[in-house]
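Nothing fancy with the numbering, it's 1 onward along the sequence. Here the structure is a predicted model, which means the values were calculated and not measured.
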Amino acid sequence: RQEADRANQAKSRYITTISHELRTPLNSILGDAQLLEEDEAMPAHRRQAVSVIRRGGDHLLGLIEGTLDIARIESGKLTLETRATRFADGLAELARMFELQAAGRGIGFRFEVDGSLPDVVRTDEKRLRQILINVIGNAVKFTTRGQVALRVTHQREMARFEIEDTGPGMSQGELARVFEPFERGSAANGMSGGSTGLGLTIARMLTELMGGEMSVQSTPGVGTTFTIRLFLPEITGPLPEVFQPRGGHAGYLGRRRTVWVVDNEEADRRLLLDVLQPLGFEVHTSASGEDALAMAEASAATPPDAVLMDLAMPGIDGWEALRRLRGRGFTMPMAVVSANAFDRKLDNPIGLPSEDFIVKPLRLTELLDWLGRRLELQWTAAPKKPAALPAHAVAPRAPNTPRLQALLHAVGLGHVRGIGQQLDAIEAADPAHAAFVAPLRAMAQQFRFEAMTELLQSTLAEARHV
């Protein structure tokens with residue numbers, strides 16, 4: 001047992017180290033991809049390439065996060081952060097997200113509520129969403145025809161979630177292994193989109209950590225149903241003002257704020273400069289803890305409004321630099337911006353709370369939320385783009401039969417370039433076909449020719465009956 005414990009500790013140390021080494025370059029990749037995606041001057045064909053980079057980076061980050069979560073749970077270092085959480089609205093938002101994903105795959109998505117749901121419950125919102133996204137996302141990913149249904153009930157403080165799909169189903173052997181790490185069923189073979197085999201493992205471990213239970217039933221060729229039960233007590237009465245809507249920021253009101261960025265990686269310093277300067281922040285950078293302390297000595301009379309500090313730096317590391325800054329009377333908000341996600345839950349020399357710990361790769365909204373909250377900023381909103389009509393508001397207008405048949409022929413050949421040319425021709429002939437073309441283009445990019453064939457054949461059949 002002692003040898004097994006030592007081996008498990010060594011595994012956790014290895015995971016922590018390799019996570020940091022992977023997160024550091026991913027921070028630059030995902031950060032720049034987010035900036036490029038928001039650049040209005042980006043040509044459409046380049047924007048698609050940036051989206052591919054972003055999706056690939058998100059997939060790698062998901063793999064890192066999943067492996068870390070398993071290591072945290074196994075080592076007892078993952079703690080729940082329970083607080084008031086919007087429940088009914090949060091589930092509706094989640095359902096809308098999966099409606100779009102399912103529509104892009106040519107399948108249906110149903111959200112059904114039995115009875116009424118409480119507006120607010122007490123739970124760890126991040127972990128609840130993680131459980132549901134992992135399970136529902138898995139169902140949408142492996143269902144190629146039919147639909148996915150999310151059914152929710154809440155009675156006597158207990159929530160019950162059913163996620164039912166009409167996918168390929170699983171054999172008894174696959175059911176016995178479905179919650180094992182890196183286990184991928186036969187339905188995943190040959191599919192693009194990058195399943196890591198960790199989603200269901202983490203979902204079940206988190207469910208049990210939250211005191212709930214998860215079960216699964218499946219029939220090959222019919223579908224699969226996951227059932228999740230969680231204790232989610234309802235909160236009534238006055239609610240804290242913690243549910244602020246998020247949107248694009250153009251800047252903030254009031255005096256100009258100064259932020260220090262301390263990071264030995266030049267690319268990470270540049271990323272924060274590119275994010276913060278256009279919003280009106282004055283940004284000063286340092287490449288080491290020693291440089292930061294020298295800057296503090298020179299700027300004792302004009303301290304910054306906030307400090308963003310990396311941890312793993314040569315010489316004086318981030319924790320020591322923060323401790324010395326505090327010792328010199330610097331009391332402004334300080335955040336650790338680090339690729340070492342394990343340190344978030346550990347004791348630290350200055351008693352930094354977990355909410356002042358931002359994990360690389362950066363989510364820009366998380367960084368701006370932290371600055372807005374800790375500096376009490378009043379943001380000015382970026383101009384809103386015209387809202388697109390809901391997908392269900394107007395039925396997509398299909399092209400004429402000859403064009404549908406030509407597209408179906410290209411799909412049957414598996415000719416990606418030919419498919420793209422046919423879709424371009426359909427959209428060029430009539431802009432009203434854009435809503436019809438968009439999901440097909442997404443399927444083509446994922447090489448989901450079978451789903452495209454089914455959708456086109458059903459469209460042709462409907463056209464014949466008109």
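- In this structure, Leu279 CG and Leu377 CG are separated by 10.0 Å, a value rounded to the nearest 0.5 Å.
- The distance from atom CD of Gln421 to atom CG of Leu407, rounded to the nearest 0.5 Å, is 12.0 Å.
- Of all non-hydrogen atoms in Glu157 and Pro233, the two that sit nearest each other are OE1-CA, 2.8 Å.
- Nearest approach of Ala139 to Thr143, heavy atoms of both residues: O-OG1, 2.6 Å.
- For Thr166 (side chain) and Arg145 (main-chain N/O), a donor-acceptor pair under 3.5 Å exists by modelled atom type.
- Distance check: Asn264 CG to Asp310 CG gives 5.5 Å after rounding to the nearest 0.5 Å.
- Looking only at distances, no side-chain donor or acceptor of Thr285 sits under 3.5 Å from a matching main-chain atom of Val261.
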Query - Ile107 vs Val148, side chain to side chain contact (heavy atoms under 4.5 Å, CB included): CA-CA, chis, key distance, verdict - result: CA-CA 8 Å; Ile107 61 175; Val148 173; 4.3 Å; yes
**Report entry** Steps toward salt bridge (charged side-chain N to carboxylate O under 4.0 Å, His left out) verdict (Asp424, Arg441)
**Finding:** CA-CA 9 Å; Asp424 291 342; Arg441 200 182 295 279; 3.1 Å; yes
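- Heavy-atom minimum distance, Thr224 versus Ser218: OG1-OG, 2.7 Å.
- Within a 6.0 Å radius of CZ in Arg83, other residues, nucleotides and ligands contribute 12 heavy atoms or fewer.
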Report task. Would you check, one step at a time, whether the test salt bridge (charged side-chain N to carboxylate O under 4.0 Å, His left out) holds for Arg204 with Glu208? Result -> CA-CA 6 Å; Arg204 190 182 201 186; Glu208 293 175 349; 3.7 Å; yes
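- Thr82 places no side-chain N or O within 3.5 Å of a backbone atom of Asp124 that could act as its donor or acceptor partner.
- Here the closest heavy-atom approach between residue Thr207 and residue Arg229 is recorded as CG2-O, 4.3 Å.
- Annotation: the span from Leu132 atom CG to Leu128 atom CG amounts to 5.0 Å, rounded to 0.5 Å.
- Between Leu375 and Ala306, the closest heavy-atom pair is CD2-CB, 4.2 Å.
- For the ring pair (Phe, Tyr, Trp, His ring centres under 6.0 Å) test, residues two or more places apart in sequence or in another chain that qualify with Phe281 are Tyr252.
- Across every non-hydrogen atom of Leu276 and Val259, the tightest pair is CD1-CG1, 4.2 Å.
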Query raised in the report: What do the steps show when you test Asp114 against Arg160 for salt bridge (charged side-chain N to carboxylate O under 4.0 Å, His left out), and what is the final call?
Result: CA-CA 10 Å; Asp114 185 3; Arg160 187 174 189 269; over 6 Å; no
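- For residues 84-116, the set of pairs meeting the ring-ring contact (aromatic ring centres under 6.0 Å, His included) definition, not counting sequence neighbours, comprises Phe87-His154.
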Requested in this report: May I have the step-by-step check of salt bridge (charged side-chain N to carboxylate O under 4.0 Å, His left out) for Glu81 and Lys126, ending in yes or no?
Outcome: CA-CA 8 Å; Glu81 299 177 3; Lys126 176 184 176 181; over 6 Å; no
